[in-house]
Amino acid sequence: MNILVINCGSSSLKYQLIDSETEAVLAKGLCERIGIDGSVLTHTPAGKDKVRIETPMPNHTVAVKLVIDALTDTGHGVVKSLDEINAVGHRVVHGGEKFACSVVINDEVLKAIEACNDLAPLHNPANLIGINSCREIMPNVPMVAVFDTAFHQTMPEKAYLYGLPYEYYEKYKVRRYGFHGTSHDYVSARAAELLGKTREDLKIIVCHLGNGGSVSAVDHGKCVDTSMGLTPLEGIIMGTRSGSIDPAICDFICQKENITPAEMNNVLNKKSGVLGMSKVSSDFRDIEAAADDGNKLAQAALDAFYYSVAKYIGAYAAAMNGVDAIAFTAGVGENNILGRAEIAQYLGYLGTEIDTEKNNVRGEDRVISTDASKVALLCVPTNEELAIARQTAALVS
Ligand code: ADP
């Protein structure tokens with residue numbers, strides 16, 4: 001079965017066509033600048049050259065149409081016709097409390113996703129546009145919504161409730177939801193597999209460290225806590241996001257800088273994190289290079305980032321009363337050899353021992369701790385698209 005995986009943003013659309021039996025990626029690509037000048041589709045068919053198609057994309061429906069044309073093109077296409085696309089899996093950022101697992105999309109599901117727009121105003125409306133565009137162009141193809149929040153719905157009340165008046169939860173559903181759930185789910189299962197065990201027998205901490213990052217505690221297969229909250233702003237220090245701060249800072253800075261809460265929110269989301277701290281870049285490679293050149297702020301930003309991850313690992317080892325495995329994933333987690341070593345330095349009290357040679361790895365599944373280590377450390381590349389394709393195939397077949 002061929003599954004088209006769609007990840008739709010407000011002006012972009014990423015896709016992969018995956019054969020669910022062989023799990024091979026037949027083609028992947030990206031539409032950029034949808035709705036703005038200079039729209040471009042970059043399409044990469046497996047085993048063939050990448051093509052770049054510059055053509056106007058006034059809206060997402062046009063973008064989806066172009067994707068289908070690219071996939072079925074006689075030259076750079078990978079299937080003969082639309083009939084060979086058997087299902088579509090859509091990444092949806094927020095499923096609120098309504099969705100604890102992936103679902104086949106129907107009108108009722110669409111309404112329920114729309115009801116979560118308030119909780120993810122930048123993401124859910126864009127995800128819905130992607131779904132509606134696909135439904136318009138492929139009305140007879142079954143579609144599945146896979147939620148970033150779903151895996152975290154198993155968190156107990158004590159982990160998801162904030163120390164706020166309960167009425168905010170009652171009235172507005174203000175609580176911890178967590179994000180990157182598809183990745184935490186996939187990586188925790190894969191980590192167990194690499195250890196020759198099942199997830200149900202283990203206590204696993206997953207560190208998804210990308211531009212955005214989150215840490216989760218997966219106790220015997222179920223997520224029991226995660227660092228992101230009502231929004232993806234809470235938790236560890238990130239590329240441009242502050243992560244957790246004293247909430248009183250917001251009012252303090254608003255008054256000092258004469259800015260509005262919305263402007264402050266923008267600062268916290270886009271101008272903070274290692275970018276704001278280092279004044280160099282949000283990209284960890286740039287910051288590392290600057291630190292190597294002796295830039296003290298860059299070094300301080302990196303140190304604070306590693307420290308914030310190590311603190312969450314400590315918290316989640318406590319939450320689960322132990323930990324068997326700690327998995328690193330996403331851009332930084334999979335590729336930053338030094339970063340993993342720096343974080344591991346804080347974990348000696350757990351009996352953790354990183355193996356310098358094994359840790360010398362980028363983007364590959366591997367145990368990176370010594371045989372004597374009491375807690376296994378692993379590098380596990382995430383694959384959210386494959387996870388979405390698997391869940392879609394399971395629901396429609
Ligand atoms: P997102 O999906 O949140 O945009 P990614 O998971 O793609 O983020 O991660 C992007 C981050 O990964 C960037 O900050 C980048 O610097 C970092 N990264 C990628 N490769 C390396 C590397 N070889 N060494 C250090 N950091 C890396």
Side-chain angles (χ1 to χ4, degrees), residues 5-16 28-30 32 42 91-93 120 122-123 126-127 146 148-149 178-187 190 206-216 226-228 231-243 268-293 295 298-299 301-306 308-309 327-344 359-366 368 379-388:
V5 176
I6 298 275
N7 182 354
C8 199
S10 57
S11 67
S12 71
L13 187 156
K14 281 191 223 154
Y15 64 92
Q16 283 194 11
K28 61 181 171 185
L30 167 68
E32 289 169 283
T42 315
R91 177 187 180 203
V92 179
V93 166
L122 296 178
H123 296 99
N127 300 153
V146 179
D148 262 33
T149 48
F179 299 87
H180 297 133
T182 312
S183 177
H184 287 285
D185 184 11
Y186 175 88
V187 170
R190 183 76 189 119
V206 177
C207 305
H208 178 111
L209 312 177
N211 237 319
S214 62
V215 182
S216 71
T226 191
S227 59
M228 282 180 169
T231 75
L233 182 56
E234 193 183 348
I236 59 172
I237 292 172
M238 299 174 229
T240 63
R241 290 173 232 164
S242 63
L268 295 174
N269 273 295
K270 303 209 171 127
K271 298 183 180 165
S272 300
V274 289
L275 165 70
M277 294 176 80
S278 69
K279 302 187 181 182
V280 171
S281 165
S282 63
D283 192 300
F284 282 85
R285 282 166 292 199
D286 300 340
I287 303 172
E288 239 178 69
D292 285 348
D293 281 348
N295 182 320
Q299 189 58 54
L302 287 176
D303 290 344
F305 167 72
Y306 301 140
S308 77
V309 176
F328 295 95
T329 193
V332 180
E334 292 166 25
N335 297 301
N336 193 331
I337 295 163
L338 177 71
R340 288 191 301 253
E342 291 282 339
I343 294 165
N359 186 40
N360 196 11
V361 65
R362 289 201 164 100
E364 231 179 81
D365 285 327
R366 191 189 281 183
I368 56 168
C379 171
V380 182
T382 191
N383 194 338
E384 287 160 289
E385 290 79 11
L386 177 58
I388 292 173

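We count ligands from 1, going down the list as the structure has it; atoms in each ligand are counted the same way.
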**Item:** Any donor-acceptor N/O pair, Thr240 side chain to Asn269 backbone, under 3.5 Å
**Value:** yes

**Message:** Just to check, does Gly212 reach to within less than 4.0 Å of ligand 1 when the distance is taken from its heavy atoms?
**Reply:** yes

**Message:** Using 0.5 Å steps for rounding, measure from the OG atom of Ser272 to the CD1 atom of Ile237.
**Reply:** 10.0 Å

**Asked** How close does the nearest protein non-hydrogen atom get to atom 16 (O) of ligand 1, and which residue and atom is it?
**Response** Asp283 OD1, 2.4 Å

**Complete:** the protein heavy atom lying closest to atom 11 (C) of ligand 1 turns out to be Val332 CG2, 3.9 Å

**Request:** Would you mind checking which non-hydrogen protein atom is closest to atom 22 (C) of ligand 1, with the distance to 0.1 Å?
**Result:** Asn335 CB, 3.4 Å

**Message:** For ligand 1, which is the ligand I care about here, please tell me if Phe284 has any N or O atom under 3.5 Å from one of the ligand's N or O atoms.
**Reply:** yes

**Item:** Interatomic distance, Ser214 atom OG to Arg241 atom CZ [nearest 0.5 angstrom]
**Value:** 9.5 Å

**Asked** Are the side chain of Arg340 and the backbone of Glu334 linked by a donor-acceptor contact shorter than 3.5 Å?
**Response** yes

**Message:** Which residue and atom name correspond to the protein heavy atom nearest atom 6 (O) of ligand 1, and how close is it?
**Reply:** Gly331 N, 2.8 Å

**Item:** Minimum-distance protein heavy atom relative to atom 10 (C) of ligand 1
**Value:** Asn211 N, 3.8 Å

**Request:** Ignoring hydrogens, just give me the one of Arg285, Glu384, Arg362 whose non-hydrogen atom is nearest atom 25 (C) of ligand 1.
**Result:** Arg285

**Prompt:** Is atom 2 (O) of ligand 1 in close reach of the protein, with a heavy atom under 4.0 Å away?
**Reply:** no

**Request:** Run the numbers for me: atoms of ligand 1, each under 4.0 Å from some heavy atom of Ala330, listed by number.
**Result:** 6 (O)

